[in-house]
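Letters A, B, ... mirror the listed sequences (proteins, then strands); counts begin at 1. Source: prediction; values computed, not measured.
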There are 2 protein chains.
Amino acid sequence: MKRQERVRGGTGRALRADAERTEQAILEAAERVLGDNPAASMEQVAEAAGVARTTVHRRFATRDALITAMTARAIQQFDAAVKAARPDTAPPLVALYQGTANILRVKIGWGFALSRASSTDTEIARIQADVLATCDRLFRRAQESGVLRADADLAWVRRVYYALIHEAAAGRSDEDDTDALATLLVDTLLRGFGADGGHL
Amino acid sequence: MKRQERVRGGTGRALRADAERTEQAILEAAERVLGDNPAASMEQVAEAAGVARTTVHRRFATRDALITAMTARAIQQFDAAVKAARPDTAPPLVALYQGTANILRVKIGWGFALSRASSTDTEIARIQADVLATCDRLFRRAQESGVLRADADLAWVRRVYYALIHEAAAGRSDEDDTDALATLLVDTLLRGFGADGGHL
DNA sequence: AATAACTGCTACATCAATGATGCAACTAAA
DNA sequence: TTTAGTTGCATCATTGATGTAGCAGTTATT
């Protein structure tokens with residue numbers, strides 16, 4: 001234990017500072033390029049990252065490994081975004097607005113990586129399931145506290161919520177006002193677009 | 001003009017009856033296979049269609065041609081589904097429910113083909129733009145007649161609507177009750193999930 | 001029954017993506 | 001200033017997808 005070992009989250013051994021920067025650049029470039037065209041080649045990714053193609057392969061043995069690494073990084077940030085909203089303790093409505101804003105930021109930056117649901121990686125699947133469960137708990141609390149109607153099907157609510165997140169993040173303009181977007185999204189989820197006296 | 005010429009919508013010359021069936025089988029198989037995995041090979045499509053790979057290439061010279069043909073067929077059905085709801089003449093709310101049910105049926109059957117927005121084909125783009133405009137007109141009428149709130153951003157409404165269609169169709173179980181699903185979808189769009197006295 | 005169309009099969013050619021290696025030059029870290 | 005890690009480049013092997021062509025057998029159409 002004499003030499004300091006920088007621990008890296010499961011991905012592998014310690015890296016030199018410049019290598020770490022390179023890896024970061026590759027992951028971000030991959031998100032941009034693959035987000036635009038999921039069938040893009042490793043070469044295009046490398047070019048966007050400003051490195052040689054072989055360097056990409058040095059860091060990520062296979063294309064799958066690269067995508068898995070992207071997903072891992074993204075899902076961790078996603079998890080953090082959810083937890084930061086205190087979904088189990090804060091008032092449901094507050095947690096919903098706050099969490100949505102946090103999630104949107106992550107989703108805008110890692111849209112492609114997060115769209116890859118099916119992963120062979122156990123750790124990723126674990127976090128994913130965890131986030132899902134947390135989300136469901138929040139919606140249940142929201143329903144019990146009267147924020148959501150009692151007759152709302154929570155499974156459908158969650159699907160609609162995810163769909164709205166996806167759609168909102170798709171119409172991104174980077175530093176668009178995320179908070180305003182989150183407000184719009186949650187308002188849509190809760191009120192819809194119909195006139196109040198419409199057809200009750 | 002002595003021999004009868006079966007006219008085919010732009011794709012090419014007249015086909016013999018069995019060839020027509022084969023073409024249909026290929027298109028449907030392609031939808032199933034590519035819907036499950038967009039990167040699937042022509043071979044997998046051929047196998048699913050129950051024909052040899054070369055036969056697929058005989059009908060559709062390139063992969064692009066196949067996908068374009070799928071999109072063309074799908075967008076036409078989509079267009080018909082929209083028009084059948086009389087979006088410009090029926091009461092907005094009626095047209096909305098009816099149109100949604102129609103669209104869902106098409107979207108469930110041609111989910112992949114309809115997700116290919118960017119097409120080089122001019123005719124496809126035309127129909128697509130036409131449907132979009134029709135949809136916007138319907139929403140405008142809905143707003144003017146008080147079905148939608150006056151302060152609703154119609155561009156956002158349309159995006160949400162499409163997102164809901166997409167999501168609802170994704171959780172398909174083929175002959176799930178489409179009408180019930182459409183009702184659920186439109187109710188969601190109009191009312192959301194919040195309790196009525198929530199935060200007005 | 002005659003004709004023309006269609007299909008499966010086999011074979012071939014091509015091309016792009018992938019992934020691995022070795023080496024010389026460079027750079028962070030001790 | 002060593003030392004060890006990192007990168008670009010050039011090279012090569014492999015693989016899988018794509019697309020073409022011809023032939024023999026089958027099937028729709030007349």
Side-chain angles (χ1 to χ4, degrees), chain A residues 1-8 11-30 32-70 112 116 120, chain B residues 1-8 11-30 32-70 112 116 120:
Chain A
M1 284 281 192
K2 293 175 70 177
R3 66 175 56 231
Q4 291 189 352
E5 306 243 339
R6 276 149 297 188
V7 183
R8 308 180 61 251
T11 305
R13 69 226 163 278
L15 289 183
R16 225 169 65 178
D18 53 350
E20 196 91 38
R21 257 178 286 132
T22 299
E23 187 168 307
Q24 183 74 16
I26 292 173
L27 289 172
E28 288 172 2
R32 263 178 286 134
V33 173
L34 295 179
D36 184 61
N37 169 25
S41 68
M42 301 290 270
E43 181 120 42
Q44 290 173 273
V45 172
E47 189 186 351
V51 299
R53 187 176 65 90
T54 47
T55 299
V56 177
H57 278 101
R58 249 190 290 265
R59 297 269 146 265
F60 308 99
T62 73
R63 184 195 184 82
D64 265 1
L66 169 60
I67 294 182
T68 299
M70 292 168 63
F112 170 79
R116 306 279 107 175
T120 344
Chain B
M1 284 283 189
K2 292 175 71 177
R3 65 174 58 230
Q4 291 187 353
E5 306 241 340
R6 276 147 298 189
V7 184
R8 308 181 61 250
T11 306
R13 68 222 165 284
L15 290 183
R16 223 169 65 177
D18 53 349
E20 196 92 37
R21 257 178 285 133
T22 298
E23 187 169 306
Q24 183 74 17
I26 292 172
L27 289 172
E28 289 172 1
R32 265 177 286 135
V33 172
L34 295 179
D36 183 61
N37 169 25
S41 67
M42 301 291 269
E43 181 120 42
Q44 291 173 273
V45 171
E47 190 186 350
V51 298
R53 187 176 65 90
T54 47
T55 299
V56 177
H57 277 101
R58 248 190 291 264
R59 295 272 146 262
F60 308 99
T62 73
R63 183 196 185 81
D64 264 1
L66 170 60
I67 293 181
T68 299
M70 292 170 62
F112 170 80
R116 306 278 109 175
T120 345

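Of the inter-residue distances, the one linking Met42(B) atom CE with Thr62(B) atom OG1 reads 7.0 Å to the nearest 0.5 angstrom. For the atom pair Phe60(B) CZ and Ile67(B) CD1, the distance stands at 11.0 Å (nearest 0.5 Å).
Atom CD in Glu47(A) sits roughly 12 Å away from atom P in dC9(D) (whole-Å rounding). One can place NE2 of His57(B) at 19 Å from P of dC12(C), the figure rounded to the nearest angstrom. In this structure, CE of Met42(B) is placed 14 Å from C1' of dG16(D), rounded to the nearest angstrom. In this structure, CZ of Arg58(B) is placed 15 Å from P of dG19(D), rounded to the nearest angstrom. A straight line from CZ of Arg16(A) to C1' of dG5(D) spans 4 Å, rounded to a whole angstrom. Between the CD atom of Glu23(A) and the C1' atom of dG5(D) there is a distance of 14 Å, given to the nearest Å. In this structure, Asp64(B) atom CG and dT18(D) atom P are separated by 11 Å, rounded to whole Å. Distance Glu20(B) CD to dC6(C) P: 10 Å, rounded to the nearest Å.
For Arg63(A) and dT18(C), the shortest distance from a side-chain N or O to OP1 or OP2 is below 4.0 Å. For Thr22(B) and dT7(C), the shortest distance from a side-chain N or O to OP1 or OP2 is below 4.0 Å. Thr54(A) has no side-chain polar atom (N or O) that falls below the 4.0 Å cut-off from OP1 or OP2 of dG8(D). The phosphate of dT7(D) has neither OP1 nor OP2 within less than 4.0 Å of any side-chain N or O from Arg53(A). Side-chain N/O atoms of Thr55(B) include none lying less than 4.0 angstrom from OP1 or OP2 on dT7(C).
Between Ala40(B) and Val33(B), the shortest heavy-atom contact is CB-CG1, 3.5 Å.
Donor-acceptor pairing under 3.5 Å is recorded for the side chains of Glu28(A) and Gln24(A).
Under the 4.5 Å side-chain criterion, counting only non-hydrogen atoms from C-beta, Val51(A) is not in contact with Arg59(A).
If you find the closest nucleotide of DNA chain D to Glu43(B) and to Arg21(B), the one lying nearer the 5' end belongs to Glu43(B).
For Ala17(A), the side-chain atoms get nearest to dA28(C) when compared with the rest of dT18(C), dC6(C), dA28(C).
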